[in-house]
Protein chains: 2
Amino acid sequence: MSTITNIRDASSEGDDSMEDGGSSIYERLRDDIIHGRVKANERLKVADLASRMGTSTNPVREALQQLRGEGFVIMTPNRGARVRPIDEEFVRDICEIEVLIEPALTRWFVGIVTKEDIEELESIQAEIEGLNFADEMKHSNLDLRFHKLMYDRHYNRHAVDLWMRHRHILWAISRRFPTSLSRQSNVLDEHRELLACIKAQDADGAARMIGRHVEGSGRHIIERMRLARLTAP
Amino acid sequence: MSTITNIRDASSEGDDSMEDGGSSIYERLRDDIIHGRVKANERLKVADLASRMGTSTNPVREALQQLRGEGFVIMTPNRGARVRPIDEEFVRDICEIEVLIEPALTRWFVGIVTKEDIEELESIQAEIEGLNFADEMKHSNLDLRFHKLMYDRHYNRHAVDLWMRHRHILWAISRRFPTSLSRQSNVLDEHRELLACIKAQDADGAARMIGRHVEGSGRHIIERMRLARLTAP
DNA sequence: GATTGACAAATAATGTACGATCTGGAAGCT
DNA sequence: AGCTTCCAGATCGTACATTATTTGTCAATC
């Protein structure tokens, strides 16, 4: 229970009031939860967190309240906050929701797509194929740009926000594990097929494709999580 | 811009430290936003709210953070909080999401439904038909019980939570307006047909039915909102 | 004379410190 | 053993200090 956020402080050694490099308390806590640095259902004591973060208690309390609103922590009156377990169930849950939402967003995108959009998508896709998973970080950014381009102009901002939130969570989790080779080739295939459907103005096909894509990603992450849990508990 | 939460203080007159009747600051603020007592994009000043609520600023700040997590207020650093507009767009957005989620939840329910469940659903439906919209409040509760029974045992807690949140918002909004007679009869019809599909183990039919039900409710609320906005701006 | 720029004062958000209140568990009593 | 009492620890609320933003004024320039 010692190192939670201090894990990444290895570089800046015994430094209390570290000038936080742009990351807010909220983000730090959120990352600690998503990355599993705090155990499931573990109690989060504001005083502890405050000293660990190098601030007073008030910012921590507000961060916790925000996290409660987003469902990452569970708070009971006069009894503090506990972390919601980010386990395979959680991933499955949000993936299932995405399987419902993303096809709808995609279907709409096919209806409004322009020649320029397709060109940009293809250029992104070319970049993705170019680096071929050499840099996971870069790949993730490109992948995000790919999907963001499709969804960003959608009128349903609420749905897009939901997608973004889920996406960030999944991305943070999947960053813990490497992507298997088979999944890598599947991702490339799925993107290619998706592009083909978009170009052909086949909304149903594109929706079906994105559904498969999301489901595949989710399944892959869950398998990796299960594996990691079994090998190194 | 004077009376926001004080509207309901009319009864307890000039009483500073009113023993709040179970409603937390968070709930008060949330209701004020949903019910449109605060104008869209209006700035929420913590000091104002604190004095209005009869407390100090800290509880207000935490409530605002929670609301931010849930997307009801938008906060920018060093610039405070603004209320997210709860307009027709907002309702349309969450209804569209529900149109995607609820059919999936319903489909699963049809797969695990027992004889006892159906009996209880029918008893609730009988009660609903019995009071025939005489008491909107009671009707809402029964309607909630009806759908809750279907969704509550679903394994995807995240999706069910989302549904619950959306449901509460919609309910709070629709409470502002009376339900039209035509919509009333439609609701009854839709429930009846839904029950028939469930009894017949017709998952696709039930899903289609609930989709129509949600869409109809959403459309009705939006129309009412538009009407109210046009008649009394 | 009107516009724009900088500077200063007000206003409001953010952070810190401390006291009040509640919970949980351990020690003591029947 | 079971119940009560009490104390340590943590949360929650209040007050205050600090910092950032906004506003208003005045002067300099076009």
Side-chain angles (χ1 to χ4, degrees), chain A residues 1-2 4-5 15-30 32-33 38-84, chain B residues 1-2 4-6 9 15-30 32-33 38-84:
Chain A
M1 83 289 263
S2 51
I4 292 183
T5 311
D15 172 15
D16 282 40
S17 64
M18 58 169 282
E19 313 302 317
D20 77 318
S23 63
S24 63
I25 290 178
Y26 158 76
E27 281 170 342
R28 285 210 237 169
L29 274 170
R30 184 168 155 283
D32 285 339
I33 293 172
V38 286
K39 289 200 295 287
N41 286 103
E42 180 171 319
R43 189 165 173 192
L44 294 173
K45 293 181 242 192
V46 285
D48 279 11
L49 296 174
S51 66
R52 195 169 287 129
M53 300 284 181
T55 69
S56 85
T57 65
N58 224 347
V60 175
R61 298 201 303 211
E62 292 181 11
L64 284 176
Q65 290 292 348
Q66 192 182 346
L67 289 167
R68 153 151 111 163
E70 292 175 353
F72 286 110
V73 304
I74 296 164
M75 301 186 73
T76 39
N78 291 322
R79 225 184 273 194
R82 311 186 91 84
V83 313
R84 160 170 285 189
Chain B
M1 83 287 264
S2 51
I4 293 183
T5 311
N6 288 348
D9 289 359
D15 175 13
D16 282 42
S17 64
M18 57 170 283
E19 315 300 317
D20 78 318
S23 64
S24 63
I25 290 177
Y26 158 76
E27 280 171 343
R28 285 210 236 169
L29 275 171
R30 184 168 157 282
D32 285 339
I33 293 172
V38 286
K39 290 200 294 286
N41 286 100
E42 181 171 319
R43 190 166 172 192
L44 294 173
K45 295 180 238 190
V46 285
D48 280 10
L49 296 173
S51 66
R52 195 170 286 128
M53 300 284 180
T55 70
S56 117
T57 66
N58 226 346
V60 175
R61 297 200 310 212
E62 292 180 10
L64 283 176
Q65 291 291 347
Q66 193 182 345
L67 289 168
R68 152 150 111 165
E70 292 175 355
F72 286 109
V73 305
I74 296 165
M75 301 186 72
T76 39
N78 291 323
R79 215 176 277 200
R82 309 186 92 84
V83 311
R84 160 169 285 191

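Values reported hereafter were calculated over all heavy atoms of this structure, with side chains retained and with hydrogens, waters and symmetry mates removed. Residue numbers begin at 1 in each chain, while the letters A, B, ... track the order of the sequences.
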Inter-residue atom distance I33(B).CD1 - L44(B).CG, 0.5 Å rounding: 6.0 Å
Can you measure from CD1 (I25(A)) to CZ (R30(A)) and round to the nearest 0.5 angstrom?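 Nearest 0.5 Å value for the CD1-CZ distance: 15.0 Å.
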Rounded to the nearest angstrom, tell me the gap between atom [atom1] in [X] and atom [atom2] in [N].
X	N	atom1	atom2	answer
E62(B)	dT11(D)	CD	P	11 Å
K45(B)	dT14(C)	NZ	P	14 Å
R61(A)	dG15(C)	CZ	C1'	11 Å
L44(A)	dG9(D)	CG	C1'	16 Å
R82(A)	dG24(C)	CZ	P	10 Å
N58(A)	dA17(C)	CG	P	12 Å
L64(A)	dT11(D)	CG	C1'	11 Å
Q65(A)	dC12(D)	CD	P	8 Å

Look at all strands and tell whether T57(A) reaches a base, only sugar-phosphate, or nothing, counting heavy atoms closer than 4.0 Å. nothing
Considering just the side-chain nitrogens and oxygens of R79(B), establish if one lies under 4.0 Å of OP1 or OP2 belonging to dT22(D). yes
Which residue lies more 5' along DNA chain C, comparing P77(A) with S56(A) via nearest heavy atoms: S56(A)
Is there a donor-acceptor pair under 3.5 Å between the side chain of E27(B) and the backbone N or O of S24(B)? yes
Go through dT14(D), dT16(C), dT14(C) for me and flag the one nearest to the N78(B) side chain.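 Minimum distance to the N78(B) side chain belongs to dT14(C).
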Within the structure provided, determine whether Q65(A) and M75(A) are in side-chain contact (heavy-atom separation under 4.5 Å). yes
Let me spell it out: for each of P59(B) and R43(B), pick the nucleotide of DNA chain D with the closest heavy atom. Which residue's pick is nearer the 5' end?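 Upstream on the strand: P59(B).
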